[in-house]
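Presented below is the structure to which this report refers.
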Number of protein chains: 2
Amino acid sequence: MELVEIYECLCDPTRLRLLNVLAQGPVCVCHFQDVLGEPQVKISKHLAYLRARGLVASERQGNWVIYGLAAKRSRELEANLACLQECAQSIPVFKRDLARLKKIEPSCAWVRAGDPRKAPGQCRCG
Amino acid sequence: MELVEIYECLCDPTRLRLLNVLAQGPVCVCHFQDVLGEPQVKISKHLAYLRARGLVASERQGNWVIYGLAAKRSRELEANLACLQECAQSIPVFKRDLARLKKIEPSCAWVRAGDPRKAPGQCRCG
DNA sequence: AAATCATATTCCTATCACGGAATATGCTTC
DNA sequence: GAAGCATATTCCGTGATAGGAATATGATTT
């Protein structure tokens with residue numbers, strides 16, 4: 001993974017928001033939609049972009065797909081993610097996203113717990 | 001200066017090399033050509049790109065133009081430049097550039113000293 | 001097996017970024 | 001002021017990218 005590719009991943013606002021959220025832990029796609037307030041296609045495409053380049057990994061659980069930061073990250077990626085997080089701390093959009101994530105997440109903890117059978121009928125968490 | 005704009009500046013290999021070199025101090029354009037081994041247009045355009053976005057500033061001295069990192073840099077920019085430098089340390093291209101810079105630079109110290117009158121006929125330093 | 005839900009992909013369009021060739025500018029020297 | 005040098009800009013062609021609408025896939029429920 002070239003350094004430039006990392007920056008290419010970082011040069012879109014939506015992807016920055018996704019990565020900022022992902023730094024908190026794995027999240028399923030519908031969460032992203034709610035947190036970012038962006039249409040499904042947009043979210044899905046940018047996640048695909050990041051996955052194609054190995055920044056994130058996805059895992060299916062029933063109807064839902066959970067995305068997380070890739071398990072193995074190069075030193076460069078690690079450094080840049082840390083840098084992003086530091087920068088994001090003081091930028092409104094990112095703070096808002098994390099705040100919304102906090103509200104939504106507890107109600108859907110079962111998703112990440114990996115037991116889709118215990119799921120309520122839907123993931124429209126909130 | 002939006003965070004994304006910073007990343008846009010960083011998502012081209014030539015610009016990364018330029019910034020890596022600039023981290024050592026101001027440099028004139030012909031140095032860049034020699035150090036990077038890239039054609040004049042390419043160097044000039046990317047420097048223009050960086051200048052348009054406020055990452056670097058330029059100053060004319062006689063026939064030559066000296067570029068340096070912008071005096072005032074946002075926290076975000078500062079963080080990312082530091083991150084870049086750290087990453088660059090272990091990447092061959094960047095190391096090579098700095099090595100070549102070291103060789104070339106002394107012979108042209110007068111340029112940055114700001115006395116074009118004392119210049120030898122040309123800046124083809126080396 | 002039909003309907004429903006969550007997510008992914010395709011198709012299209014508009015925009016933008018890079019690179020190179022050629023040309024322009026601005027300064028200096030003769 | 002003409003020639004020469006260092007740098008900048010313009011004008012192309014080409015390829016990448018983002019976004020939206022529509023459609024497809026894959027899993028689940030009835």
Side-chain angles (χ1 to χ4, degrees), chain A residues 4-5 7-18 26-53 56-67 108 110-111 114-126, chain B residues 4-5 7-18 26-53 56-67 108 110-111 114-126:
Chain A
V4 188
E5 296 182 79
Y7 289 123
E8 282 169 353
C9 290
L10 297 176
C11 69
D12 174 277
T14 306
R15 288 198 290 270
L16 285 185
R17 295 173 72 191
L18 290 174
V27 173
C28 81
V29 179
C30 60
H31 281 65
F32 281 123
Q33 291 174 222
D34 291 345
V35 169
L36 303 201
E38 297 280 359
Q40 188 258 325
V41 207
K42 203 169 173 180
I43 301 280
S44 188
K45 272 193 193 169
H46 282 297
L47 285 171
Y49 184 106
L50 293 174
R51 193 187 22 174
R53 282 151 187 87
V56 307
S58 67
E59 183 196 349
R60 182 150 213 148
Q61 274 185 22
N63 255 336
W64 303 278
V65 176
I66 315 231
Y67 279 83
C108 226
W110 55 268
V111 173
D115 191 354
R117 296 306 167 134
K118 276 180 187 158
Q122 48 190 347
C123 191
R124 191 153 297 286
C125 341
Chain B
V4 189
E5 296 183 79
Y7 289 123
E8 283 169 352
C9 289
L10 296 177
C11 70
D12 175 276
T14 307
R15 288 199 290 271
L16 285 185
R17 295 174 71 192
L18 290 174
V27 173
C28 81
V29 179
C30 58
H31 282 64
F32 281 123
Q33 291 175 222
D34 290 345
V35 168
L36 303 202
E38 297 280 0
Q40 188 258 324
V41 208
K42 203 168 173 181
I43 302 281
S44 188
K45 271 192 193 169
H46 283 297
L47 285 171
Y49 184 106
L50 292 173
R51 192 187 24 174
R53 282 149 188 88
V56 306
S58 66
E59 183 196 348
R60 182 148 213 150
Q61 274 185 21
N63 254 336
W64 302 278
V65 177
I66 316 231
Y67 279 83
C108 228
W110 55 268
V111 172
D115 192 353
R117 295 308 169 134
K118 276 181 189 158
Q122 46 189 351
C123 191
R124 191 155 295 287
C125 339

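In what follows, every chain begins at residue 1, and chains take the letters A, B, ... in the order their sequences are listed.
With the nearest nucleotide of DNA chain C identified for both B:Arg53 and B:Pro39, B:Arg53 has the one nearer the 5' end. Nucleotides of DNA chain D nearest to A:Arg60 and A:Pro13 differ in position, and the one nearer the 5' end is that of A:Pro13.
Counting any heavy atom pair closer than 4.0 Å across all strands shown, A:Tyr67 reaches sugar-phosphate atoms only and no base atom. Among the protein residues, A:Val29 comes within range of the sugar-phosphate backbone only, with heavy atoms under 4.0 Å from sugar or phosphate atoms but none that close to a base.
Rounded to a whole Å, the CD atom of B:Glu59 is 16 Å from the C1' atom of D:dA6. B:Leu16 places its CG atom 15 Å from the C1' atom of C:dC18, with the value rounded to the nearest Å. Taking atom CH2 on A:Trp64 and atom C1' on D:dG26, their separation rounds to 13 Å, with Å as the unit. What separates CD of B:Gln61 from P of C:dG26 is a distance of 18 Å, to the nearest Å. When the P atom of C:dA8 is taken as reference, atom CD1 of A:Ile43 falls 11 Å away, rounded to whole Å. Summarising the geometry, the separation between CD1 on B:Ile66 and P on C:dG26 is reported as 19 Å, rounded to the nearest angstrom. With rounding to whole Å, A:Glu8 atom CD is found 14 Å from D:dA18 atom C1'. Remark: P of C:dC16 and CD of B:Glu5 are 13 Å apart, rounded to the nearest angstrom.
For the OP1/OP2 pair of C:dA8 and a distance below 4.0 Å, the side-chain nitrogens and oxygens of A:Tyr49 include no atom meeting the criterion. Considering only side-chain N and O atoms, A:His46 lies nowhere under 4.0 angstrom from the phosphate OP1 or OP2 of D:dT17.
Closest approach of B:Glu8 and B:Arg15 over heavy atoms only: O-NH2, 3.1 Å. Closest heavy-atom contact between A:Pro26 and A:Ile66: CB-CG2, 3.8 Å. The two atoms that bring A:Ile43 and A:Phe32 nearest to each other are CG2-CB, 3.7 Å, heavy atoms only. When all heavy atoms are compared, the tightest approach of B:Ser58 to B:Arg51 is OG-NH1, 3.5 Å.
Salt-bridge check for B:Glu38 with B:Arg17: passed, with a basic side-chain N closer than 4.0 Å to an acidic carboxylate O.
Of the candidate nucleotides D:dT9, C:dA8, D:dG20, D:dT9 has the atom nearest to the side chain of B:Arg51. The B:Asn63 side chain lies nearest to D:dC5 when the options are D:dA8, D:dA21, D:dC5. Distances from the side chain of A:Ser44 to the nucleotides C:dC11, C:dT7, D:dT7 place C:dT7 closest. When each of C:dG19, C:dT7, D:dA8 is scored by its nearest atom to the side-chain atoms of A:Cys30, the top-ranked nucleotide is C:dT7.
On a pure distance criterion of 3.5 Å, a polar donor-acceptor pair joins the side chain of B:Gln40 and the base of D:dA8. Between the base of C:dG20 and the side chain of B:Lys42 there is no donor-acceptor pair shorter than 3.5 Å.
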